[in-house]
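Notes follow the structure.
Residue numbers begin at 1 in each chain, while the letters A, B, ... track the order of the sequences. Predicted, not measured: the structure shown is a model, and the values here were computed from it.
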Number of protein chains: 2
Amino acid sequence: MKSNAVFKRAHNRCLNMLAKHEPGSHLRSELDLALDLHVSRTTVRAVLSSLTDAGIIDRDGSRRHLARPPTAEDYFPEAQTESVGDVVGRRFMEWILQGDCRPGELINCAELARQFSTSTSAIREHLTHFNHFGLLERRPNSAWVFKGITADFAMEIYEIREMFELRSAHRFAELPPDAAAWAELNLIEQQHHNLLEDIDERYSEFSRLDERLHRLVHDASQNRFVQNFYDVISMIFHYHYQWDKVDEKERNYVALHEHIAYIRALRSRDLDAIDEKCRTHLQTARKTLLKSIDSLRQPAN
Amino acid sequence: MKSNAVFKRAHNRCLNMLAKHEPGSHLRSELDLALDLHVSRTTVRAVLSSLTDAGIIDRDGSRRHLARPPTAEDYFPEAQTESVGDVVGRRFMEWILQGDCRPGELINCAELARQFSTSTSAIREHLTHFNHFGLLERRPNSAWVFKGITADFAMEIYEIREMFELRSAHRFAELPPDAAAWAELNLIEQQHHNLLEDIDERYSEFSRLDERLHRLVHDASQNRFVQNFYDVISMIFHYHYQWDKVDEKERNYVALHEHIAYIRALRSRDLDAIDEKCRTHLQTARKTLLKSIDSLRQPAN
DNA sequence: AAATTGTTTTTTATCTTTAAAAAACTGAAA
DNA sequence: TTTCAGTTTTTTAAAGATAAAAAACAATTT
């Protein structure tokens, strides 16, 4: 019925924690573990009980201790730790990107549910989600229309992104000097330099830095609509990085330099410089996305 | 299980159509009626069959004709024509506006389902909807937090609204002279004048004009995110007009004049004038909303 | 042949159900 | 008296079930 992915994720993370301790050492209280693992104590108890059954922990009276170090076989496979929602979201994007559905086509919930081997309820929930992302449209008491990741989509998303990011960057520049964001910005810049030094090997780590930098800037907006909108961007990019690997190293190299210039402009608090560097970077990013979208259509023809 | 509100709405609308015809006159084809009533032919046939049972229409061979004019009793009561989704949406807003839930409080789906006498599924579906409206936030694998219609909410929504509406208004000014939007704008202006002439009696009709004017402007943006965002505004205003009746006539009088100035600026295509009139109006509107929000808190204290 | 009605199949909206997870309660121990 | 583990209750996530509505197909009339 309901998957126990929450339990399995907590189980695996608990094993990670235990791996850092010596056999014989005592475990912390159930409440502490619950807070650490971001689950309820009920779930922690289920985990502890399964770890006890596996002989990994043991109890003397009311306290528990590590009986043996966990091994690779004690972990649940990665695939089982994904919640139904995440699976549907991922498979839906894959389905879109593989061109199984063309812009303008109607979406068949029942068919998708079958294909993703889940219930129509789960599908429906995610259709409303993607509706809000501008990828779908609901026809009143009728089917859903797939609008597609098209050039229009990219243009529209970038129009908003530019408005929002420029506004947020200005707010960022106005942050008091002791704001935590400045420290985070410095840290992010340092990581840009580190990445550049080893670009040949680690270029694919750029996407995570990209997300962190832009999210940091957007958060300065203090506006829930700006922040929510970044979720749309973030999702598109998450998949974009996976679907288009052409020239990835070169693209990331350019983007890293643009980021560094943007970060410096932010630190200078010079609004004109910020606008210029931000616009330059977003224009490059838009071009890249448009090119990738163009390439999306090719294989299916 | 599933309510037949679609059928009942179609039934009532069909009666309205029939009321315009003489007894004995023939009905159009099922397909024609389906297109008119925005439902499937299946539903039209269900309606026709129930009208036949009620003796309102009759058939000679394969064609149908009006047997007697419909009366008030033939209609389904208004309340039964609302879909479950609409009911939940409405009751949820009422619940918020009555102050049954304070900002920061957790929302209990099961409790709401009980209170609204519907299922938790219907509630869940609407929570995701209101999440996207910035009124709620989902705590990861946990409950929903109500964020509230607060001054922050109004400030944030107006920050975006101003950005979007100024951008859209500029696009509007660039529309070719033969665009249908200009004709609609003229029509809307005329209706503003008509309303002003009878302001004492008809002031409450302003809200529909307001929606039409701003929607028209936003649609010129040709951007789905701008258009979707207007749905948020529209929903808030829909309820705002109901919850705060203080000085309604005076407020609407002022807004009508601001609208007319804004419309004239749009027609002049002078971007500076547009910006000025648009800003003026939005600032007034924001002030009004903030004042109403302030008054929301009073009764509960 | 095109349009229309009759019939069957498919899909959607929404309720119900239930395991998983969270929360609340309770008594024991530090 | 605060903190913990044990127990019970409540709530949520997600599947399953089914009437309503749509869509597809077939037969008939114009």
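Rounded to whole Å, atom P of C/dA22 lies 19 Å from atom CD1 of B/Ile107. Between the C1' atom of D/dA15 and the CG atom of A/Leu112 lies a distance of 17 Å, rounded to the nearest Å. For the pair A/Asn108 CG and C/dT10 C1', the computed distance is 8 Å after rounding to whole Å. The distance between atom CZ of A/Arg64 and atom C1' of D/dG6, rounded to the nearest whole Å, is 10 Å. Here D/dA22 presents its P atom at 13 Å from CZ of A/Arg138, a figure rounded to the nearest Å. Whole-Å rounding puts the A/Arg114 CZ to D/dG16 P distance at 13 Å. One interatomic measurement links the two molecules: CD of B/Glu30 to C1' of D/dT28, which rounds to 13 Å at whole-angstrom precision. If you take CG of A/Asn4 and C1' of C/dA22, they are 15 Å apart, rounded to a whole angstrom.
Relative to the ring axis of B/Phe237, B/Arg161 places its NZ or CZ within 45° and under 6.0 Å from the centre. By the 6.0 Å and 45° rule, B/Arg212 does not stack over the aromatic ring of B/Tyr230.
To the nearest 0.5 angstrom, A/Thr118 atom OG1 is 10.0 Å from A/Glu125 atom CD.
Side-chain proximity of A/Cys109 to the nucleotides C/dT5, C/dT12, D/dA21 is greatest for C/dT12.
Between the side chains of A/Asn228 and B/His132, no donor N or O sits under 3.5 Å from an acceptor N or O.
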So A/His65 and A/Asp60, side chain to side chain donor-acceptor pair (under 3.5 Å) or not? Walk me through it. CA-CA 8 Å; A/His65 62 267; A/Asp60 41 288; 2.6 Å; yes
Are A/Arg64 and A/Glu30 close enough, and set up right, to give a salt bridge (charged side-chain N to carboxylate O under 4.0 Å, His left out), and what steps lead you there? CA-CA 10 Å; A/Arg64 297 182 176 86; A/Glu30 294 173 357; 3.2 Å; yes
Would you list the protein and nucleotides 14-17 of chain C atom pairs, both N or O, that sit under 3.5 Å from each other?
unit_1	atom_1	unit_2	atom_2	d
C/dT14	OP1	B/Val84	N	3.4
C/dC15	OP2	B/Thr118	OG1	3.4
C/dC15	OP2	B/Ser119	OG	2.5
C/dT16	O4	B/Ser121	OG	3.2

Using atom names, set out every protein N or O paired with an N or O of nucleotides 23-27 of chain D below 3.5 Å, distance rounded to 0.1 Å.
unit_1	atom_1	unit_2	atom_2	d
D/dA23	OP1	A/Ser142	OG	3.4
D/dA23	N6	B/Thr42	OG1	3.2

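Remark on DNA chain C: of its neighbouring residues A/Glu111 and A/Val44, the 5'-side contact belongs to A/Glu111, judged by nearest-heavy-atom nucleotide. Nearest-nucleotide positions on DNA chain D for B/Phe7 and A/Asp32 put A/Asp32 closer to the 5' end.
Side chain of B/Ser25 to backbone of B/Glu22: a donor-acceptor contact under 3.5 angstrom is found. A donor-acceptor pair under 3.5 Å is formed between the side chain of B/Arg224 and the backbone N or O of A/Gly134. Between the A/Arg9 side chain and the A/Thr81 main chain, a donor and an acceptor come within less than 3.5 Å of each other.
Among the heavy atoms of the strands lying under 4.0 Å from B/Arg59 are primed sugar atoms or P, OP1, OP2 only; no base atom is included. Within 4.0 Å of A/Ala10, counting heavy atoms only, lies no atom of the nucleic acid at all. Backbone-only contact: B/Ala5 has heavy atoms under 4.0 Å from sugar-phosphate atoms and none from a base.
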With a cut-off of 3.5 Å and sequence neighbours excluded, list every side-chain donor-acceptor pair involving residues 48-57 of chain A.
unit_1	atom_1	unit_2	atom_2	d
A/Ser50	OG	A/His11	ND1	3.1
A/Ser50	OG	A/Val47	O	3.2
A/Thr52	OG1	A/Leu48	O	2.6

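A sub-4.0 Å separation between OP1 or OP2 of D/dA5 and a side-chain N or O of A/Arg45 is absent.
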